[in-house]
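Before any comments, here is the structure.
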Amino acid sequence: MLWPDFIKETKSYLVNTVKKYFLPFLSAIMLILSFAPFDLFFLTWVSFLPFFFFLYKAQDSRTVFKGGLVFGFLYFLGNVYWIYHSLYFYGSVPLILSYVLVGLLALYLALYPAFFALIYKNLLKNNLPTSFYAPFIWVSFEVLRTYLFTGFPWAILGYSQYKFLIINQIADITGIYGISYLILLFNCLIFDLLILKKLKTRYPLISYIPVVLSTAGIVIIFALTIIYGVTKLNEPIDSQNLKVAVIQGSIPQNEKWDFNKINEILNIYKNLTIKAKSYNPQLVVWPETAIPFIYEKNKYFTSDLVNFVKGQNIYLLVGTIMERQENKYTNSAVLIDSNGVTAYFYDKIHLVPFGEYVPLRKILFFIDKLTVGIGDYQSGSSYNLAVTPVGKFATLICYESIFPGQVRKFYQKGGNFIVNITNDGWFGKTSGPYQHFSMAVFRAIENRKPLIRAANSGISGFIDSKGRIINKTKLFERTYLVENIQENEKISFYIKYGDIFAYLCIVFSLIFLIGNISFGGKKWLHMKI
């Protein structure tokens, strides 16, 4: 084949492929724009319609699966592309290889929508309203993604709605998965109504009853959700106020572990803390691994920090590295009280694969983790709370804030507020820090606890127990914030019962899959009203 002919055929193939899969592509783009930092969250409520019409028209399983892959690949690539920044700038991974690795991750994540598409198409043949089954199946795959292979619940559909406060309040019952369910439910309702006329033409004896019942049920669900949201947003909180300062040092990643920079870095945090102290905070929070030495092991700098805390007469929560056993280190949080005593510590439980440890190290011996200075971190095991004169709280370190099931475990015996310390400097000026911050909104709502967030490079801020963002910083801004938060001692339904809603979705999905809707199926095609 001549080169010009090859170019022509390749171009023709690409054009035809783009045309064939344009609808999944369109759905993915709408979803990307729904998430932070774009925040066009209203697009989510119709974003699945192009994808659903593609699946409706698809003639074979291969096309359905490929369409699901295209949709999922673009959807996740647009939301996790920022990982290349960490790999390339801090992981010593060549730029092209970092793109390839992110592409492979997006391709793996795309398998979830691809299998959703296959199941959806199979059930679609029964001509029941898609709202009967599609939301359950989508949520089931999101739950699977949260836990499989240590879990990666980034870009769960509901996170796109972190500003839609009225709808979000239901998360204290259903968790984040309930918001995803509502989004799919609404998309399905619109789709079912749009194709009803086509179904009636194809099947003249088809009944309107399922669609009517589905529509009525969905209207009731949304009405109750809105009523619940308005009620919760206007519900008074009878609890004490707490004044907290968060310090954002904005230390460059390439300087954080430079031994010659220790004094300079400490002075940055100290000076910002002294400025914040003029507002009389009851608690001061420094970010994840804010101090560039191993706490307690380095006696000189530990003593210097303790003396500073005593001199300022403050309670300081600080992120650090600790040596629990010889050459075994943890990513930890330490609370130093106004007397210089270590009043509480917490060792991070859910470590970041390849960020803090290398899974299957004997096989992947040629890969090193992103964090520098020590070997693999050791994970903690205790869901302990800090008990202080100003209230009880748990500390979420970085990645842990995206796992709702883990967060609730801290508060099953009570607690007043949540502290999240992180270092999002790995993400640079990408969408990563914005999305990470948006997820924290739902941890506040689910557990009905105000959330305090201190990030090395941003975004730091305060979120109340109803998910309202009280204040936040900009990215790569060396600054501090001081705010009053209203503590909340209530134990929410979600804290008590966890992801029971998500597990019910899995149960209903299995019922549909195993029975393949045998209880309805083609029988209702012959019903008339």
Side-chain angles (χ1 to χ4, degrees), residues 146 153 156 158-159 161-182 224-244 246 282-283 285 346 383-388 390-396 400-421 436-454 461-472 483-503:
T146 299
I156 282 180
Y159 286 132
Q161 306 301 302
Y162 76 100
K163 290 186 174 183
F164 199 174
L165 291 176
I166 291 178
I167 291 291
N168 290 344
Q169 300 309 307
I170 198 72
D172 70 350
I173 297 175
T174 67
I176 182 63
Y177 305 110
I179 314 303
S180 294
Y181 176 87
L182 289 174
L224 292 174
T225 300
I226 292 169
I227 291 170
Y228 185 81
V230 171
T231 302
K232 283 294 181 180
L233 286 172
N234 290 286
E235 185 177 80
I237 302 173
D238 184 20
S239 188
Q240 66 179 5
N241 288 332
L242 173 67
K243 184 175 284 188
V244 183
V246 294
Q282 296 161 278
L283 174 67
V285 183
Y346 166 71
Y383 290 87
N384 51 314
L385 291 173
V387 181
T388 75
V390 297
K392 295 189 294 183
F393 67 89
T395 308
L396 316 176
E400 293 182 309
S401 66
I402 73 173
F403 292 92
Q406 177 181 340
V407 176
R408 61 170 283 271
K409 291 180 181 179
F410 288 100
Y411 294 95
Q412 290 177 312
K413 294 183 180 180
N416 304 96
F417 56 94
I418 302 169
V419 178
N420 177 207
I421 59 174
H436 199 188
F437 182 83
S438 71
M439 297 181 201
V441 169
F442 286 92
R443 302 298 85 83
I445 298 172
E446 289 162 350
N447 299 281
R448 288 301 174 195
K449 310 294 176 196
L451 189 143
I452 301 153
R453 193 171 196 266
F462 299 86
I463 303 165
D464 74 8
S465 58
K466 299 176 183 182
R468 293 177 293 210
I469 298 170
I470 301 169
N471 200 356
K472 64 179 181 178
E483 290 289 346
N484 281 306
I485 63 167
Q486 196 167 10
E487 298 182 6
N488 197 332
E489 297 177 293
K490 292 183 178 179
I491 296 179
S492 68
F493 181 95
Y494 184 77
I495 290 176
K496 285 183 180 179
Y497 302 106
D499 288 311
I500 187 169
F501 173 81
Y503 299 140

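Starting from 1, each residue takes its place in the sequence as its number. The analysis underlying the following values was restricted to heavy atoms, covering all of them including side chains, and did not include hydrogens, waters or symmetry mates.
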Verdict with reasoning, F164 to I179, per side-chain contact (heavy atoms from CB on, under 4.5 Å):
CA-CA 10 Å; F164 199 174; I179 314 303; over 6 Å; no
In sequence, state the C-alpha distance, the side-chain angles, and the governing distance for F493 and I500, and then conclude on side-chain contact (heavy atoms from CB on, under 4.5 Å).
CA-CA 10 Å; F493 181 95; I500 187 169; 3.9 Å; yes
Please assess Y228 against D172 for the test side-chain contact (heavy atoms from CB on, under 4.5 Å), listing each intermediate value before the final yes or no.
CA-CA 11 Å; Y228 185 81; D172 70 350; 2.7 Å; yes
Do side-chain atoms of E446 reach the backbone of A171 as a donor and acceptor pair under 3.5 angstrom?
no
Have a look at F417 and tell me which of F393, F410, F462 forms a ring-ring contact (aromatic ring centres under 6.0 Å, His included) with it.
F393
What's the shortest heavy-atom distance between V285 and A454, and which atoms?
CG1-CB, 3.7 Å
Using atom types as modelled and distance alone, determine if a side-chain donor or acceptor of R453 lies under 3.5 Å from a backbone N or O of G461.
no
Looking at R408, is its backbone amide N or carbonyl O close enough to the side chain of Q412 to form a donor-acceptor pair, meaning the two atoms are under 3.5 Å apart?
no
Over all heavy atoms of both residues, which pair between N447 and S492 is shortest? Give the atoms and the distance, please.
CA-OG, 3.8 Å
Is any side-chain heavy atom of R443 less than 4.5 Å from a side-chain heavy atom of I176?
yes
Does the side chain of L233 reach to within under 4.5 Å of the side chain of Q169, using non-hydrogen atoms?
yes
Shortest non-hydrogen contact from L385 to G414?
CD1-O, 3.2 Å
Can you list the residues that meet the side-chain contact (heavy atoms from CB on, under 4.5 Å) rule with N416, with sequence neighbours excluded?
K392, E487, E489
Keeping Y411 on the side-chain end and A394 on the backbone end, is there a donor-acceptor pair under 3.5 Å?
yes
Heavy atoms, side chains only, cut-off 4.5 Å: are S401 and H436 in contact?
yes
By side-chain contact (heavy atoms from CB on, under 4.5 Å) - contacts of K490 (at least two apart):
E235, N488
Taking the six-membered ring for Trp, are the ring centroids of F501 and Y177 within less than 6.0 Å of each other?
no
Stepwise, does the side-chain contact (heavy atoms from CB on, under 4.5 Å) test hold for K466 with I237?
CA-CA 10 Å; K466 299 176 183 182; I237 302 173; 4.0 Å; yes
Which heavy atom in I470 sits nearest to a heavy atom in N484, and how many Å separate them?
CD1-O, 4.4 Å
Using the side chain to side chain contact (heavy atoms under 4.5 Å, CB included) definition, which of the options L451, I170, N168, D464 pairs with I445?
N168
Got more than 12 heavy atoms from elsewhere within 6.0 Å of CG, D238?
no
Determine whether D499 and Y494 make a side-chain contact, defined as any pair of heavy atoms from C-beta on separated by less than 4.5 Å.
yes
What distance do I167 atom CD1 and L182 atom CG have between them, rounded to the nearest 0.5 Å?
6.0 Å
Donor-acceptor pair, distance only, cut-off 3.5 Å: does the side chain of N384 make one with the backbone of Y346?
no
Closest heavy-atom contact between P153 and T146?
CB-OG1, 3.5 Å
Kindly indicate whether the side chain of V407, heavy atoms from C-beta on, has any atom under 4.5 Å from the side chain of K449.
no
Might you confirm whether atom NZ of K413 has over 12 heavy atoms from other residues, nucleotides or ligands at distances under 6.0 Å?
no
